[in-house]
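Values reported hereafter were calculated over all heavy atoms of this structure, with side chains retained and with hydrogens, waters and symmetry mates removed. Atoms within a ligand are numbered from 1 in the order they appear, just like the ligands themselves.
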Amino acid sequence: MRIAMIGVGYVGLVSGACFSEFGHDVICVDSNRERIAALERGEIPIFEPGLDDLVARNLQANRLHFTHDLKTAVTGAEAIFIAVGTPSRRGDGHADLSFVYQAARDIAAKLSSYAVIVTKSTVPVGTGREVERIIRAARPEAVFDVASNPEFLREGAAINDFMRPDRVVIGTQSERARAVLRRIYRPLNLIETLILFADLETAELIKYAANAFLAMKISYINQIADLCEKVGADVHDVARGIGLDGRIGAKFLHPGPGYGGSCFPKDTLALMHTAQEAGTPLTLVEATVAFNDLRKEQMADRVLAALGGSGKGKRIAVLGLTFKPNTDDMRDSPSLTILPRLQAAGAEILAHDPAGMAEARKLMPDVTYCEDAYQTLDGADAMVLLTEWNAYRAMDLGRMHALMRQPVVIDLRNVYGSREMRKAGFDYRSVGRPKRD
Ligand code: NAD
C-alpha cells in the first residue's frame, strides 16, 4: 500500500520507516527542506537507537522515500498520516494545532483519489472533526475519511515500541477507513497485537488519558519518595511492593527530578484545558502538573542545600541533560529548569550529555559543555546526575573523587549504590532512600 507521512520528526520518521519495514511504500514529506535534504543524503536528523539502519535498509529496498513536495507524497496514497508537532500554545497551554490544520489545508489542495487522512499527532478531542471540516470546505467533491491513530512510542525505544506495540488504537466509524488501517497494521497480526477500534473522539482522548495517567504515576512515586526520606523508608522497595500488584504495575514508579520531554508536560496541560472547558476539571491532573513544576525547582534547591545553601562561587558538574537517556530530545527537560536556577544562585555549570549537547547549547548558552563526563568534574564542588545514561553508571569512582574539589554527589536518578558511594568517600545524596543504606 502507498502511504504518505506528513512531518518527519521523532514520530513521523520512526512511523514512516517502520511502515516501510512492514512492506508498504512510504513517502515522507516535511516542510523543513534542510531536514529532507539531510535524509536524502542518508543523514538521520534525530538520535534514536537503530533508526539509521532501519532507514538505510528501507531506502535501499526502495520502499521509503523523502520529499519536500506534498503533491508527490499525497498523490496515489491510500493513507495520509499527519505527524506534525502539536506543542503547547504560548500563554495558555492549549495544544497549538496550527501545524495540523496547515497540513489539512495542504492535503486538501492536493488530494486526487480516495484516502484516509489519519492524525498520528497527539491532538485534542475535536481536532479530527475540524480536519474533516477543513478538507470538506476546500474540496466538497473529494472522497476521503478522517481517522485518529495516536502514537504511543517512547523515544529511545521507539522502533521496538512501534514494531511491537501493546495495542494500536484506531478512531473512525468509517468501515472503508478501518479496512485501510487494518491492512496497514496487518503485519502485527503475527504477534497478535490488539487493534482497538473506537470513534474519533474516543481515540483522541485515549492518548491524553494515557499520558496524563503515566505523568500522575511519576508524580505519585516522587511524592512517595519525599515521604520515604522523612520517615526512613526506601522508595525502591515501596515501588516494588506496590508494583507487584497487577492492578498497579511496576513501570513508571522510578523516582527522579520530575517528568519532562516532548509529550507529558504539553499533553497534561492540554488535557487540563480540554477538561476545564468541558466543565469537568481534572483536578488530579492539575495537581500533577503543579507538583511536577515545583519538583524541578525543589531539585535545584536540594543541590544548593548540599552546597551549604548557596551556589555563589560554586562549580557544579552536571551529568545528563536530556529528559531521559537514549534520545537527543531536550524539549521540556528538567535540566532546563534546574540548571538556570542553579546559575541564578551564583553557580557555574559544567555539563555533559552523550547526545543532547548540540540542542542544549542553543537553549542554555551560558553553560560550559564538556566533551567528556570526567572533564565536568575537574574542581567541582558537587556533581549532579540528572539523566541515567548507561555511560554514567560505570564511572570510575576513584577518578571522580580525585577530580572533585568537594566530593558531593546528588544522584537524582538513584543510579549509584548509597553504601558504595559512601565507601568511596562521597557525601552522597539520592532520592527517597534512607541514609543508613
Ligand atoms: P517533531 O517536532 O519532532 O516533528 C514534527 C515535524 O513536522 C517537523 O519536522 C516539522 O518540520 C514538520 N512539519 C510541521 N508542519 C508541517 C507541515 N505543514 N507539513 C510538513 N511537515 C510539517 O514532533 P514529534 O516529536 O515527532 O511529535 C509529533 C506528534 O506526535 C506530536 O503531536 C507529539 O505529541 C506526538 N507524539 C510524540 C511522541 C514522541 O516521543 N516524540 C510520542 C507519541 C506522540
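With ligand atoms numbered from 1 in the order given, ligand 1 contributes 43 (C) to contacts under 4.0 Å with heavy atoms of Lys207. For ligand 1, the atoms closer than 4.0 angstrom to any heavy atom of Glu151 are 43 (C), 44 (C). Taking every non-hydrogen atom of Asn32 and a distance limit under 4.0 Å, the qualifying atoms of ligand 1 come out as 11 (O). Residue Ile6 approaches ligand 1 through these ligand atoms, each under 4.0 Å from one of its heavy atoms: 19 (N), 20 (C).
The single protein non-hydrogen atom nearest to atom 27 (O) of ligand 1 is Val11 CG2, 4.2 Å, given as residue, atom name and distance. Shortest contact from atom 8 (C) of ligand 1 to any protein heavy atom: Asp30 OD2, 3.5 Å. Scanning the protein for heavy atoms near atom 5 (C) of ligand 1, the closest one is Gly85 N, 3.6 Å. The closest protein non-hydrogen atom to atom 42 (C) of ligand 1 is Leu153 O, 3.5 Å. Nearest to atom 25 (O) of ligand 1 among the protein's heavy atoms is Arg331 NH2, 2.8 Å. In terms of protein heavy-atom proximity, atom 34 (O) of ligand 1 is closest to Lys266 NZ, 2.6 Å. For atom 31 (C) of ligand 1, the nearest non-hydrogen atom of the protein is Thr86 OG1, 3.5 Å. Among protein heavy atoms, atom 20 (C) of ligand 1 sits closest to Ser31 N, 3.3 Å.
By the criterion of a heavy-atom distance under 4.0 Å, the side chain of Ser262, and not its backbone, is placed next to ligand 1. In Pro150, neither the side chain nor the backbone holds a heavy atom less than 4.0 Å from any atom of ligand 1.
For the pair Arg176 and Tyr114, the distance from NZ or CZ to the six-membered ring centre is under 6.0 Å and the angle to the ring normal is within 45 degrees. Taking the centre and axis of the six-membered ring of Tyr416, the NZ or CZ atom of Arg393 falls outside the cone set by 45° and 6.0 Å.
Of the options Tyr101, Tyr10, Phe264, the smallest heavy-atom separation from atom 3 (O) of ligand 1 is shown by Tyr10. Of all the listed residues (Glu34, Gln102, Glu155), Glu155 holds the heavy atom that lies closest to atom 39 (C) of ligand 1. The closest heavy-atom contact to atom 13 (N) of ligand 1, among the options Thr327, Thr122, Val84, comes from Val84.
Salt bridge present: Glu201 and Arg129 bring a charged side-chain N and a carboxylate O closer than 4.0 Å. Between Asp161 and Arg154 a salt bridge is recorded (basic side-chain N to carboxylate O distance below 4.0 Å).
The shortest heavy-atom distance from Arg154 to ligand 1 is not under 4.0 Å.
Taking the centre of each ring, His352 and Tyr392 come in below the 6.0 Å mark.
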Requested in this report: Carefully, step by step, assess Arg341 and Asp301 under the rule salt bridge (charged side-chain N to carboxylate O under 4.0 Å, His left out).
Outcome: CA-CA 8 Å; Arg341 197 166 167 94; Asp301 295 346; 3.1 Å; yes
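Under the 30°/60° scheme for interplanar angles, the aromatic rings of Phe19 and Tyr185 are found to stand perpendicular.
A side-chain N or O of Ser98 and one of Asp96 form a donor-acceptor pair less than 3.5 Å apart.
Note that the OG1 atom of Thr67 and the CD atom of Glu40 stand 7.0 Å from one another [nearest 0.5 Å].
Not counting sequence neighbours, Arg136 has no partner by the side chain to side chain donor-acceptor pair (under 3.5 Å) test.
Side-chain atoms of Arg35 come within 3.5 Å of backbone N or O of Val8 as a donor-acceptor pair.
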